[in-house]
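Step one of this worksheet: look at the structure below.
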Amino acid sequence: MDAWEAVTAEYAGLEARLADPHVHRDFRRARRLRRCAAALRPLHEDALRLRALLDDLRDARGLAADPAWRAEADRIEREAAALRADLAAAVAARDPFDPYDAIVLIDAEDGGHDHVQAVVDAYREDARDRGWRAEHLYNDPPPHWAMLEVTAGEEGPGPWSILKAGNGPARTADGPGAGPVRVTVLPDAEPAPVDPGDVRIDLYCTREPNAQTMLRVLHEPTRIGAYGRDPDPARAQANAMRVVSAQLAALESAPEGRYQAVPQAPGGHLRLRAAPTPVASV
């Protein structure tokens, strides 16, 4: 399949999903699909133009016995070849996750606990400046890690397109107790359908009165997991599942070497972490 045919098929798929009323029950998914369609539209318009040129070329070649039509066929062929090459280059350079929101995992390493909150504050301030939102996916996180969702509105670039460049060590001010903080940015994507039987939910009990629900969602075949904590049990589970889903999607689609699966303590499940030497973005 040529690049222009792939673009046409992808755009048709997006339009079909957006025409499905069930999709709009999930505002986050519907918004992401609208942003994806808007980002792909310029390439889709070029693909339609190329298809029209190829149709014109076929007709002109049918009349090539006439020297005037033979010259016209040559002109159309050159124009179509140039457009085909430009479109193929644009598709090769495209990151299909650029319209997506982002999930940001922040981890302290070897004494960097003092700086996790500073990194969280920096992401939240940057989000406000861009008109985005940055919210915790795990309420009242411990001092050594945090999970954020960074979401944009209907228009403009998706947070992943900008924040993916920050994968790796975070810059923090030097000072007492200074240590490295590693940031792992994931597109807020969905993996291939997950078998519900492969997902285990561990509920943690506490003696604290009026305590928030704390749980862990674990994808048993890969051992990828995430914690959730929220006053609303359903939200705690949904937030943890989003982080697990984003990690599974990254395992399916990210360039080899961009992420590493490392044990998460406590619990021992695996969590993706940006590789020490970040891979160049696609």
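Numbers for residues simply follow the sequence, beginning at 1.
- In plain terms, the two heavy atoms of P187 and A246 that are nearest each other are O-CB, 3.6 Å.
- Residues meeting the side chain to side chain contact (heavy atoms under 4.5 Å, CB included) test with A37, sequence neighbours left out: Y11, L14, L18, R41.
- Interatomic distance, L186 CG to R258 CZ, rounded to the nearest 0.5 Å: 9.5 Å.
- At a threshold of 4.5 Å between non-hydrogen side-chain atoms, the residues D107 and R271 count as touching.
- In this structure, V116 is not a member of the same hydrophobic cluster as V262, with clusters built from ILVMFWY side-chain heavy atoms closer than 4.5 Å.
- To the nearest 0.5 Å, atom CZ of residue R124 and atom CD of residue Q117 are 8.0 Å apart.
- Atom NE2 in H24 sits 10.5 Å away from atom CZ in R17 (nearest 0.5 Å).
- Heavy atoms only, all atoms of each residue included: G168 and A274 are closest at N-CB, 3.6 Å.
- Each of N139, L203, D230 was scored for a side chain to side chain contact (heavy atoms under 4.5 Å, CB included) with T213, with one residue passing: L203.
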Return a table of donor-acceptor pairs under 3.5 angstrom between the side chains of residues 50-57 and protein atoms on other chains or two or more places apart.
unit_1 : atom_1 : unit_2 : atom_2 : d
D55    : OD1    : R58    : NH1    : 3.2

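- Distance check: L40 CG to E45 CD gives 10.0 Å after rounding to the nearest 0.5 Å.
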ask   = Could you go step by step and tell me if L105 and V243 meet the side-chain contact (heavy atoms from CB on, under 4.5 Å) rule?
value = CA-CA 9 Å; L105 311 179; V243 178; 4.1 Å; yes

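- Sorted by first and then second residue, the pairs that involve residues 69-102 and meet ring pair (Phe, Tyr, Trp, His ring centres under 6.0 Å), not counting sequence neighbours, are F97-Y100.
- Closest approach of P42 to A39, counting heavy atoms only: CD-O, 3.5 Å.
- Nearest heavy atoms, V185 versus Y259: O-OH, 2.6 Å.
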Under 3.5 Å, which donor-acceptor pairs do the side chains of residues 77-93 form with other protein atoms, sequence neighbours left out?
unit_1 : atom_1 : unit_2 : atom_2 : d
E77    : OE2    : R61    : NH2    : 2.9
E79    : OE1    : R75    : NH1    : 3.0
R84    : NH1    : D2     : OD2    : 2.4

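- Identified under the ring pair (Phe, Tyr, Trp, His ring centres under 6.0 Å) test for residues 215-242, with sequence neighbours left out: Y227-H269.
- Within the 4.5 Å cutoff, side-chain heavy atoms of E190 are placed close to those of R32.
- Under the salt bridge (Lys or Arg N to Asp or Glu O under 4.0 Å) criterion, R133 pairs with E135, sequence neighbours left out.
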key: Trace of the side-chain contact (heavy atoms from CB on, under 4.5 Å) decision for W132 with T151   = CA-CA 6 Å; W132 300 343; T151 58; 5.9 Å; no

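- A pairwise comparison of heavy atoms in P157 and A152 identifies O-CB, 4.2 Å as the closest pair.
- Put simply, CG on N167 and OG1 on T184 are 6.0 Å apart, with the number rounded to the nearest 0.5 Å.
- A pairwise comparison of heavy atoms in V7 and A47 identifies CG1-CB, 4.3 Å as the closest pair.
- Cluster annotation: L218 is not connected to V199 through the hydrophobic network of ILVMFWY side chains, with a link wherever side-chain heavy atoms come within less than 4.5 Å.
- Every residue two or more places apart in sequence or in another chain was checked for a salt bridge (Lys or Arg N to Asp or Glu O under 4.0 Å) with D59, and none qualifies.
- Contact of the R130 side chain with the I162 side chain is registered, since non-hydrogen atoms from C-beta on lie closer than 4.5 Å.
- You'll find the side chain of V120 reaches within 4.5 Å of the side chain of I106, heavy atoms only.
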inquiry  = Is there a side-chain contact (heavy atoms from CB on, under 4.5 Å) between D126 and L163? Walk through the geometry before answering.
reply    = CA-CA 10 Å; D126 179 69; L163 299 183; 4.1 Å; yes

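- Residues H136 and R229 fail the side-chain proximity criterion, which asks for heavy atoms closer than 4.5 Å.
- Applying the salt bridge (Lys or Arg N to Asp or Glu O under 4.0 Å) test to R35 and every residue at least two apart in sequence or in another chain returns D101.
- Residue pairs meeting the side-chain hydrogen bond (donor to acceptor under 3.5 Å, both in side chains) criterion with at least one member in residues 241-252, sequence neighbours excluded, are E149-R242, D188-R242.
- A search for ring-ring contact (aromatic ring centres under 6.0 Å, His included) contacts involving W145 returns Y138, not counting sequence neighbours.
- With sequence neighbours excluded, the residues satisfying side-chain hydrogen bond (donor to acceptor under 3.5 Å, both in side chains) with D20 are H22.
- With sequence neighbours excluded, the residues that form a salt bridge (Lys or Arg N to Asp or Glu O under 4.0 Å) with R34 are E154.
- Annotation: the span from M214 atom CE to R216 atom CZ amounts to 9.5 Å, rounded to 0.5 Å.
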